[in-house]
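Here the structure comes first, spelled out in structure tokens, and everything after it is commentary.
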Amino acid sequence: MLYYLLLGSNAGDRLAMIQNATKLIEEQVGGIKERSHYYETAAWGDTSQPNYYNIALCVSSKIPPKDALKCILSIENQLGRTRDATNKWAVRTIDIDILLIDDLIIDTPTLKVPHPHLHERSFALLPLIEIAGELMHPVLQMEMDDVYEQCTDELEVMLLEDED
């Protein structure tokens, strides 16, 4: 299976956090086939927070989606991610979202694929199309390039120079 993930951090050493998460993903989920450049973006939902660094990964894995989600949540926990039930937009040491898994559509209480807000978020779409622009959104039946063209998100997404 190919998992398309978005990693983000807006607390502490953002770059180191994403690099550590990438290493743990490779160790615990599967091999990294593609990776985007780093992007810096305003925080979605609460733009008064520090900016995020984001990167998209394509990971090849034999782990089924439910188990991959458990691994990803464990990695977030290992890297100090805490979930604040009272503040959905809290600052995050690391956030790892599953954007897509092959062409699967999954709708369970704990896992929704494709990510339900992917088509609304430039900070997720730009890194994703860098590594898989021709990929079809399994619900919208559009290539990711076209999904991005229709996205109305106006938050600035800045490409960063290679950091590693």
Side chain to side chain donor-acceptor pair (under 3.5 Å) pairs touching residues 61-72, sequence neighbours excluded, are none
Please round to the nearest 0.5 Å and tell me the distance separating atom CD of Glu149 and atom CE of Met144. 13.5 Å
Between atom CD1 of Ile72 and atom CD1 of Ile25, what is the distance when rounded to the nearest 0.5 Å? 6.0 Å
All N/O donor-acceptor pairs, side-chain side in residues 104-115, below 3.5 Å, sequence neighbours left out:
| unit_1 | atom_1 | unit_2 | atom_2 | d |
| --- | --- | --- | --- | --- |
| Asp107 | OD1 | Lys112 | NZ | 2.7 |
| Thr108 | OG1 | Thr110 | N | 3.4 |
| Thr108 | OG1 | Leu111 | N | 2.9 |
| Thr108 | OG1 | Leu111 | O | 3.0 |
| Lys112 | NZ | Thr108 | O | 3.0 |
| His115 | ND1 | His117 | N | 3.0 |

Would a single hydrophobic cluster contain both Leu99 and Val139, if residues Ile, Leu, Val, Met, Phe, Trp and Tyr are joined by side-chain heavy-atom contacts under 4.5 Å? no
Straight-line distance of Cys151 SG to Glu120 CD, nearest 0.5 Å: 8.0 Å
With a 4.5 Å heavy-atom cut-off, do Ile94 and Asn20 have their side chains touching? no
Would you mind writing out the side-chain donor-acceptor pairs for residues 152-160 within the sub-3.5 Å range, not counting sequence neighbours?
| unit_1 | atom_1 | unit_2 | atom_2 | d |
| --- | --- | --- | --- | --- |
| Asp153 | OD1 | Leu155 | N | 2.9 |
| Asp153 | OD2 | Ser122 | N | 2.9 |

Side chain to side chain, Phe123 and Tyr52, heavy atoms closer than 4.5 Å: no
Mind checking salt bridge (charged side-chain N to carboxylate O under 4.0 Å, His left out) for Glu40 and listing every partner two or more places apart, or none if nothing turns up? Arg14
Distance col, row Ile98:CD1 vs Leu6:CG, nearest 0.5 angstrom, shows 11.5 Å
As an exercise, state the distance from OG1 of Thr22 to CG of Leu7, rounded to the nearest 0.5 Å. 5.0 Å
Tyr4 side chain near Ile131 side chain, heavy-atom distance below 4.5 Å: yes
With Asp103 via side-chain contact (heavy atoms from CB on, under 4.5 Å) - residues at least two apart: none
So do Leu2 and Ile101 actually touch side chain to side chain, heavy atoms under 4.5 Å? no
With sequence neighbours excluded, tell me which residues meet side-chain contact (heavy atoms from CB on, under 4.5 Å) with Met142. Leu140, Asp146, Val147, Gln150
Hits for side-chain hydrogen bond (donor to acceptor under 3.5 Å, both in side chains) against Tyr39, two or more places apart or cross-chain, chain-then-number order -> Glu130
From Tyr53 atom OH to Gln19 atom CD, the distance as rounded to the nearest 0.5 Å: 10.5 Å
Going by side-chain hydrogen bond (donor to acceptor under 3.5 Å, both in side chains), name the residues that satisfy it together with Thr41, two or more places apart in sequence or in a different chain. Asn54
Locate the shortest heavy-atom distance separating Leu100 from Pro138; write the atom from each residue and the value. CD2-CD, 3.7 Å
What residues, two or more places apart in sequence or in another chain, satisfy salt bridge (charged side-chain N to carboxylate O under 4.0 Å, His left out) together with Lys23? Glu27
Assigning hydrophobic clusters by single linkage (Ile, Leu, Val, Met, Phe, Trp, Tyr; side-chain heavy-atom cutoff under 4.5 Å), is Met136 placed with Leu125? no
Go through the steps for Asp145 and Glu134 under the test side-chain contact (heavy atoms from CB on, under 4.5 Å), then give the verdict. CA-CA 7 Å; Asp145 287 326; Glu134 74 292 342; 5.6 Å; no
Is there a donor-acceptor pair under 3.5 Å between the side chain of Ser9 and the backbone N or O of Ile18? no
Compare all side-chain heavy atoms of Val29 with those of Leu5 and state whether any distance is below 4.5 angstrom. no
Grab the two heavy atoms, one from Ala21 and one from Ile96, that are nearest each other, plus how far apart they are. CB-CD1, 4.3 Å
Mind checking who shares a hydrophobic cluster with Ile63, ILVMFWY linked at side-chain heavy-atom distances under 4.5 Å? none
Would you find a donor on one side and an acceptor on the other, under 3.5 Å apart, between the side chain of Asn77 and the backbone of Leu73? no
Could I get the full list of side-chain hydrogen bond (donor to acceptor under 3.5 Å, both in side chains) partners for Ser74, not counting sequence neighbours? Gln78
